[in-house]
Visitor: 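Provided herewith is a single structure, encoded as structure tokens, for subsequent inquiry.
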Amino acid sequence: MTGFSGGAAAVAVVAAQITAVGLGGPLLIGLMRKVRSHLEGRVGPPVHQPLLDLRKLFTKQRIRPSYASWVFGAGPVALVATAVVAVAISPLATTHPPLGQSADFFAVVFLLLLGSVALALAALDTGTSFGGMGASRAMTIGALAEPALLVAILAFSIPAHTSNLPALVRLGLVHPQMIASPERILALGAFVVVILAESGRLPVDNPSTHLELTMIHEAMVLEYAGPDLALVTLGEAMRLTLLLGLFVNLFVPWGVATGSGAIAIVVGLAALAGKVAVVGVAIATFEVFTAKMRLFRLPELLAGGFILAVLGAAAALVV
Amino acid sequence: MTIRGIVQAVLRPRTVTEDLGPPPNDHAVRSARALRGSLQIRHVDAGSCNGCELEVASSFGPVYDAERFGVRLVASPRHADALLVTGPVTKNMAGPLVKTFEAMPEPRVVIALGDCARDCGVFRGGYGVEGPVADLVPVDIQVPGCPPSPDVIIQALRNLAGR
Amino acid sequence: MNNLTLVITAAGGLAAAIAGGALPAQARVPAAVVLTWGACAAALFAAITVLRTGQSMVLHSTQILPITGVLMVLDPFGAVFVIVTAVVAIAATLYWIGYASHGLSTRTVSAVLPLFVTSMLLVPAAGSVATFLVLWELMALTSLLLVLVDHRRSEATRSAAEWYAVMTHVGAAAILFALVLLSAHAGGQSFAAIRDYAGHLPPGVRGLAFVLAVVGFGSKAGAVPFHVWLPKAHPEAPSPASALMSGAMVNLGIYGIVLVGDRLLGGGPLWWWLVVTVLGIITALFGALQAATSTDLKRLLAYSTADNMGLVLIGVGASGCFATTGHSLVGGLAMVAALFVMVNHAAFKGSLFLSAGSVQVATGSRDLDRLGGLMGRMPITGAVFLVGALAITALPPLNGFVGEWLLFQSLLHGLPASSTVVGVIVSVAVAALALTGGLTAAAFVKVIGVGLLGRPRSAEAASAHEVPRTMQLGAGLLAGACVVLGLVPMIVLPALERAAALVVPGARPTALYGGVDLHLQGLPGVLSPVLLAAGLMLATGAVVAMRGLVGLRSRSRSALRQADAWGCGNGVQTARMQYTATSFAEPLQRVFDDVLRPDHDLEVTHRAESRYYVEKVTYRTSIGDVIEHSLYRPVIAGVNWWGRRARALQNGSVHRYLAYGLVALVVILVVST
């Protein structure tokens with residue numbers, strides 16, 4: 001492909017991926033709420049309800065606490081911007097994303113960490129007790145989930161001899177027997193724990209709680225109104241979708257495109273949507289039957305994830 | 001719950017929600033049109049006997065299910081479009097009610113739910129009562145009843161949400 | 001002609017010291033600073049020449065030191081340390097100009113600080129045992145004097161200086177013993193002579209020398225358990241001195257370990273490097289944990305220094321492990337990663353200490369629980385502080401991120417080929433890397449969020465003003481270096497490769513190339529910091545534009561409203577209701593309770609009338625250094641006990657003392673025949 005058309009195709013693929021995750025994230029949240037409602041015996045809101053909520057929030061007024069500095073407004077922006085960049089470089093629709101050379105697993109993880117840190121700083125900037133509480137709890141959980149995450153990445157990267165994400169996905173496509181290997185399955189367990197912790201789902205955090213003292217992530221966003229709240233909601237949805245998208249592409253890669261042809265990309269996005277929807281439904285079902293864990297029992301859960309990751313890394317070294 | 005019970009609940013979910021008919025024709029408040037199918041509500045109990053709260057809880061329960069019309073209860077007034085007030089406003093809750101209203105971003109509406117919120121109901125003249133809600137914050141919608149039944153409550157919410 | 005620059009460095013430093021000591025008050029500090037800059041510039045020139053040509057610079061003189069003479073040899077490995085020291089010194093002395101009015105304009109300080117800088121510039125250039133030890137001791141003494149600057153202010157300063165003095169000299173004794181042992185066996189005291197003889201040394205001597213070097217130099221670098229002086233001395237020193245100590249002096253501990261292990265002894269058995277790696281793991285974890293739960297701003301930064309030095313030790317140890325087992329490509333990469341982490345640390349820790357000094361000057365306090373609300377009052381210092389904090393948390397697109405990535409890649413690629421023991425320890429190192437990263441994130445969110453953001457927690461914080469321009473520039477210079485190193489690490493990486501090639505024998509340089517991207521040659525691994533930065537800026541612009549669109553649509557109401565924070569409708573929200581640094585770290589403290597062993601003191605005063613009514617509750621909690629309490633205090637108590645017992649020998653009787661002398665004489669005569 002020559003320069004301009006190659007460049008245009010690359011931009012198109014990146015834009016398609018970002019749009020898909022940007023729209024698909026709220027849809028995934030809506031789907032999970034729908035599943036939860038049905039299991040509770042209700043009809044529940046329609047699947048596209050979060051998109052309607054976002055549209056309305058963008059028309060509302062922004063409010064800034066009088067003691068806050070510029071960091072308060074920068075928090076939601078950083079959350080969404082880091083999610084967008086992470087989505088842009090990740091192998092979600094295709095195993096050859098245009099910017100995929102620099103799509104190191106490490107880079108994606110630290111981009112998401114940048115978003116979390118920005119949000120925590122913005123929460124502390126509000127000068128309220130809830131902001132501090134949310135930031136403190138979120139950073140503690142993040143700190144304890146990091147070892148599990150990085151050792152799980154190690155477990156993936158050792159057999160592949162690289163931590164480049166598209167290469168890891170391609171490896172699963174080319175050698176399907178590696179997917180059922182012990183190190184991948186153990187890393188799967190560690191990943192599930194880390195995804196639940198990082199995206200604030202039960203049993204780590206209840207996303208729909210109204211009790212401030214039980215909040216972890218919600219406490220950080222109590223002060224946001226209008227477009228800021230819309231950005232935070234969108235950013236969180238995109239992060240969850242990105243994490244689940246990477247999860248499905250690493251463990252069930254079939255359907256993902258292997259080139260940049262238009263048809264292949266569309267099929268890849270459709271496959272991604274289907275797989276992420278299945279995992280989302282599974283998580284929502286699990287959430288209905290799970291209670292939130294006590295805050296000070298969470299280190300035990302995260303340590304369990306870490307042990308699984310360590311066993312996975314050991315299996316990768318031995319085999 | 002037994003494992004069998006969980007598996008059955010997952011594979012064959014039953015919804016008990018009643019069908020409440022087509023959306024209403026009259027849209028109550030001009031600014032509500034901006035909401036377009038999405039309404040977030042912050043509820044404040046300004047001193048009620050909790051009868052209205054039970055009816056609100058029932059409205060959001062499986063039988064009446066207000067959430068299917070795009071209505072959701074939120075924890076912070078900063079996230080809310082509508083303020084749902086129950087009870088006659090007592091002297092202790094007057095300040096917090098006004099602060100809650102002021103914390104909401106515009107456009108915002110206030111729903112006074114129940115007879116007590118409209119005109120203090122049976123508590124009119126009580127030593128701890130400050131006054132009806134309209135004395136403290138501008139009220140856009142009043143829902144009569146002591147307590148109002150969930151049908152009436154949902155009717156008012158559907159007016160606002162436009163669904 | 002070539003080595004004239006080394007002479008100029010020494011001469012410049014000496015002239016700065018004399019100027020600082022002799023000139024009257026107004027001219028003292030600026031003259032000393034300018035002359036120090038001259039010395040730093042000469043050192044930079046020398047080091048860059050050495051790195052570009054790859055040839056060492058030699059300077060020999062028999063005049064300056066009696067008996068042994070002075071021998072300076074600056075090779076590419078030492079040149080890296082010289083450059084780091086010079087840049088940090090330029091920024092710190094620039095900062096000193098503005099800081100001088102806060103007690104740092106005395107003759108002593110103005111004379112001693114340039115000497116400190118010069119000794120640190122010349123230590124990596126030392127080529128013989130005597131030169132090295134003289135410069136090392138000069139560095140220790142000058143830094144001790146700097147720690148003592150504020151000794152009249154508090155008991156803590158005097159105690160910190162005591163600990164520092166004792167520990168640095170115990171370390172120096174270990175180094176002295178190791179180097180003298182080696183030179184005694186080699187028959188000559190120049191490093192070249194020791195290197196030539198290294199192959200003939202018996203393994204016991206080599207092992208002993210290496211262990212002593214690790215103890216002595218590790219103590220200087222802040223390796224646990226020899227680190228206890230670091231969180232005491234670094235906070236008590238004035239800020240420019242703290243920045244120099246944390247940004248430049250601790251690096252020389254790493255230089256020393258690699259000097260003895262690789263350059264002098266030519267590498268060693270695997271257990272050497274496993275010991276270094278394990279030391280690094282323990283140091284990193286302990287330092288990060290203490291930093292995450294500390295409420296004193298500068299003590300937090302000091303523990304964070306120990307954490308980063310632990311990461312560098314992990315890199316050095318891993319490099320040695322891989323090189324010893326024959327994988328020199330990965331070994332070279334690990335050494336480059338370790339050096340890059342060290343360079344990054346100098347940049348962001350120097351900037352953080354200088355910013356912390358600015359905050360201390362503006363508010364009079366370094367207790368995080370009394371700060372807050374400073375981002376609006378000190379916008380530039382706040383922004384520079386934020387950049388330093390984001391860099392140390394290893395967030396893209398700054399330099400800490402690139403350094404951690406390099407270290408992770410070196411550990412990852414070294415794993416498949418290593419033996420079981422190395423594989424286990426390297427995997428533990430990766431877990432340690434992750435946990436310290438998370439704890440550092442928590443620590444620095446606490447520093448920025450509690451220290452700079454929110455509402456001021458004390459009157460001093462509420463009345464803070466921005467500091468003088470030179471102080472802002474000094475800290476900003478190093479923060480700018482963080483940004484540049486993060487976007488274009490290729491500026492320094494070739495130089496670090498050249499330095500690493502000296503250490504990992506037989507490694508061809510891992511040529512990291514690519515104008516925009518960072519490729520690991522010979523190993524799969526690519527990172528593109530510029531792409532990430534550009535993407536983030538684009539995405540931020542797009543998101544801000546998207547958010548701003550709402551302003552076009554509203555008519556009657558304002559798009560952005562200022563309001564009081566939502567406090568559940570309560571009365572007045574005070575600044576006291578915010579989270580403090582102690583409460584922020586409390587969940588982590590609970591999780592790591594067994595390691596931290598905090599002191600809790602709860603005092604409940606009941607009313608006189610009835611025990612059911614409480615009048616007052618006082619709660620005190622403090623986290624000390626568990627290694628100091630469990631390891632050092634018993635040893636000190638033991639030494640004291642022994643000293644008291646030995647007093648029994650001195651009962652004052654002259655007859656007994658004469659008898660002691662007679663017995664000693666007889667014993668010596670018997671033994672020597």
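In what follows, chains carry the letters A, B, and so on, assigned in the order in which the sequence lines appear, proteins first and then strands, with residues in each chain numbered from 1. Excluded from the calculations below are hydrogen atoms, water molecules and symmetry mates; all remaining heavy atoms, backbone and side chain alike, are included.
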Visitor: Under 4.5 Å heavy-atom distance to chain C, tell me which part of Leu231(A) shows up: side chain, backbone, both or neither.
Guide: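 For Leu231(A), side-chain heavy atoms alone lie under 4.5 Å from chain C.
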Visitor: With a 4.5 Å heavy-atom cut-off, do Pro379(C) and Trp70(A) have their side chains touching?
Guide: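 With C-beta onward as the side chain, the pair stays apart.
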Visitor: So which part of Glu586(C) gets closer than 4.5 Å to some heavy atom of chain A, the side chain, the backbone, both or neither?
Guide: side chain
Visitor: Does anything in residues 406-430 of chain C pair up under ring pair (Phe, Tyr, Trp, His ring centres under 6.0 Å), and if so which pairs, sequence neighbours excluded?
Guide: Phe106(A)-Phe408(C)
Visitor: Heavy-atom distances under 4.5 Å only: say whether Ala394(C) touches chain A with side chain, backbone, both or neither.
Guide: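 For Ala394(C), heavy atoms of backbone and side chain both lie under 4.5 Å from chain A.
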Visitor: If you define the side chain from C-beta out and look only at heavy atoms, does anything of Phe306(A) sit under 4.5 Å from Leu435(C)?
Guide: no
Visitor: Heavy atoms only, distances under 4.5 angstrom: which of Asp125(A), Val85(A), Thr126(A) has the most pairs with chain C? Name it, please.
Guide: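 The answer is Asp125(A).
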Visitor: Determine the option with the most heavy-atom pairs under 4.5 angstrom with chain C, choosing from Asp228(A), Val310(A), Val84(A), Leu295(A).
Guide: Asp228(A)
Visitor: Using only non-hydrogen atoms and a strict under-4.5 angstrom cutoff, which residues of residues 149-170 of chain A touch chain C?
Guide: Leu150(A), Val151(A), Ile153(A), Leu154(A), Ser157(A), Ile158(A), His161(A), Thr162(A), Ser163(A)
Visitor: Could you look at Ala107(A) and say if it's the side chain, the backbone, both or neither that has a heavy atom under 4.5 Å from chain C?
Guide: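 Contact with chain C: backbone and side chain both.
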Visitor: Counting heavy-atom pairs under 4.5 Å to chain A, which of Val543(C), Val450(C), Thr420(C), Leu532(C) comes out on top?
Guide: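 Winner by heavy-atom pair count: Val543(C).
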Visitor: Distance from Glu223(A) atom CD to Trp566(C) atom CH2, nearest 0.5 Å?
Guide: 9.5 Å
Visitor: Tell me which of these, Ala563(C), Ser583(C), Ser528(C), has more heavy-atom pairs under 4.5 Å with chain A than the rest.
Guide: Ala563(C)
Visitor: Out of Ala542(C), Gly423(C), Pro524(C), Ala432(C), return the one with the most heavy atom pairs under 4.5 angstrom to chain A.
Guide: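 Ranked by heavy-atom pairs under 4.5 Å with chain A, first place is Pro524(C).
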Visitor: Do Gln578(C) side-chain atoms and Gly132(A) backbone N/O form a donor-acceptor pair below 3.5 Å?
Guide: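 No, because the side chain of Gln578(C) does not come within donor-acceptor range (under 3.5 Å) of the backbone of Gly132(A).
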Visitor: Hey, what do you get for CG (Leu114(A)) to CG (Leu390(C)), rounding to the nearest 0.5 Å?
Guide: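 So the CG of Leu114(A) and the CG of Leu390(C) are separated by 7.0 Å.
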Visitor: In the structure I gave you, are the side-chain heavy atoms of Asp104(A) and Gln409(C) within less than 4.5 Å of one another anywhere?
Guide: yes
Visitor: Report which part of Val591(C) has an atom under 4.5 Å of a heavy atom belonging to chain A: side chain, backbone, both, or neither.
Guide: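 Looking at Val591(C), just its side chain touches chain A.
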Visitor: Is chain C contacted by the side chain of Phe72(A), its backbone, both, or neither, given a heavy-atom distance below 4.5 Å?
Guide: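 Neither; nothing under 4.5 Å.
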Visitor: Which atoms of Leu531(C) are under 4.5 Å from chain A, going by heavy atoms: the side chain, the backbone, both sets, or neither?
Guide: side chain
Visitor: Any idea which of Gly525(C), Pro416(C), Pro397(C) has the most non-hydrogen atom pairs under 4.5 angstrom with chain A?
Guide: Pro416(C)
Visitor: Given that the side chain runs from C-beta out, which part of Ile63(A) has a heavy atom under 4.5 Å from chain C: side chain, backbone, both or neither?
Guide: both
Visitor: Taking atom CE of Met537(C) as the centre, does the number of heavy atoms from other residues, nucleotides or ligands within less than 6.0 Å exceed 12?
Guide: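 No - once you tally the heavy atoms of other residues, nucleotides and ligands closer than 6.0 Å, there are 12 at most.
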Visitor: Could you go through the side-chain contact (heavy atoms from CB on, under 4.5 Å) check for Leu536(C) and Leu111(A) one step at a time?
Guide: CA-CA 9 Å; Leu536(C) 281 172; Leu111(A) 276 172; 4.2 Å; yes
Visitor: Would you say that more than 12 heavy atoms from the other residues, nucleotides or ligands in this model lie under 6.0 Å from the CZ of Phe130(A), or not?
Guide: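 More than 12 within 6.0 Å, yes.
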Visitor: How far does CZ of Arg590(C) sit from OG1 of Thr140(A), to the nearest 0.5 angstrom?
Guide: 11.5 Å
Visitor: What part of Glu212(A) gets within 4.5 angstrom of chain C, counting heavy atoms only: side chain, backbone, both, or neither?
Guide: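 Interface part for Glu212(A): side chain.
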Visitor: What distance separates Leu395(C) CG from Thr82(A) OG1, expressed to the nearest 0.5 Å?
Guide: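 Going from the CG atom of Leu395(C) to the OG1 atom of Thr82(A) covers 10.0 Å.
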Visitor: Examine distances only and state if a side-chain atom of Ser69(A) and a backbone atom of Gly376(C) form a donor-acceptor pair shorter than 3.5 Å.
Guide: no
Visitor: Looking only at heavy atoms and a cut-off of under 4.5 Å, which of Ala78(A), Gly131(A), Ala309(A), Ala143(A) has the most pairs with chain C?
Guide: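 Of the options given, most contacts go to Ala143(A).
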Visitor: Can you tell which part of Val71(A) gets under 4.5 Å to a heavy atom of chain C, answering side chain, backbone, both or neither?
Guide: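 Side chain only.
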Visitor: Please state whether the side chain, the backbone, both or neither of Leu386(C) comes within less than 4.5 Å of a heavy atom of chain A.
Guide: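 Only the side chain of Leu386(C) comes within 4.5 Å of chain A.
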Visitor: To the nearest 0.5 Å, what is the distance between CG on Leu121(A) and CZ on Phe444(C)?
Guide: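 The distance works out to 12.0 Å.
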Visitor: Out of Ser427(C), Ala575(C), Cys568(C), Ala539(C), return the one with the most heavy atom pairs under 4.5 angstrom to chain A.
Guide: Ala539(C)
Visitor: Under 4.5 Å heavy-atom distance to chain C, tell me which part of Ala135(A) shows up: side chain, backbone, both or neither.
Guide: both
Visitor: Go through the atoms of Thr440(C) and report whether side chain, backbone, both or neither lie under 4.5 Å from a heavy atom of chain A.
Guide: neither
Visitor: Rounded to the nearest 0.5 Å, what separates atom OG in Ser136(A) from atom CG in Leu588(C)?
Guide: 7.5 Å
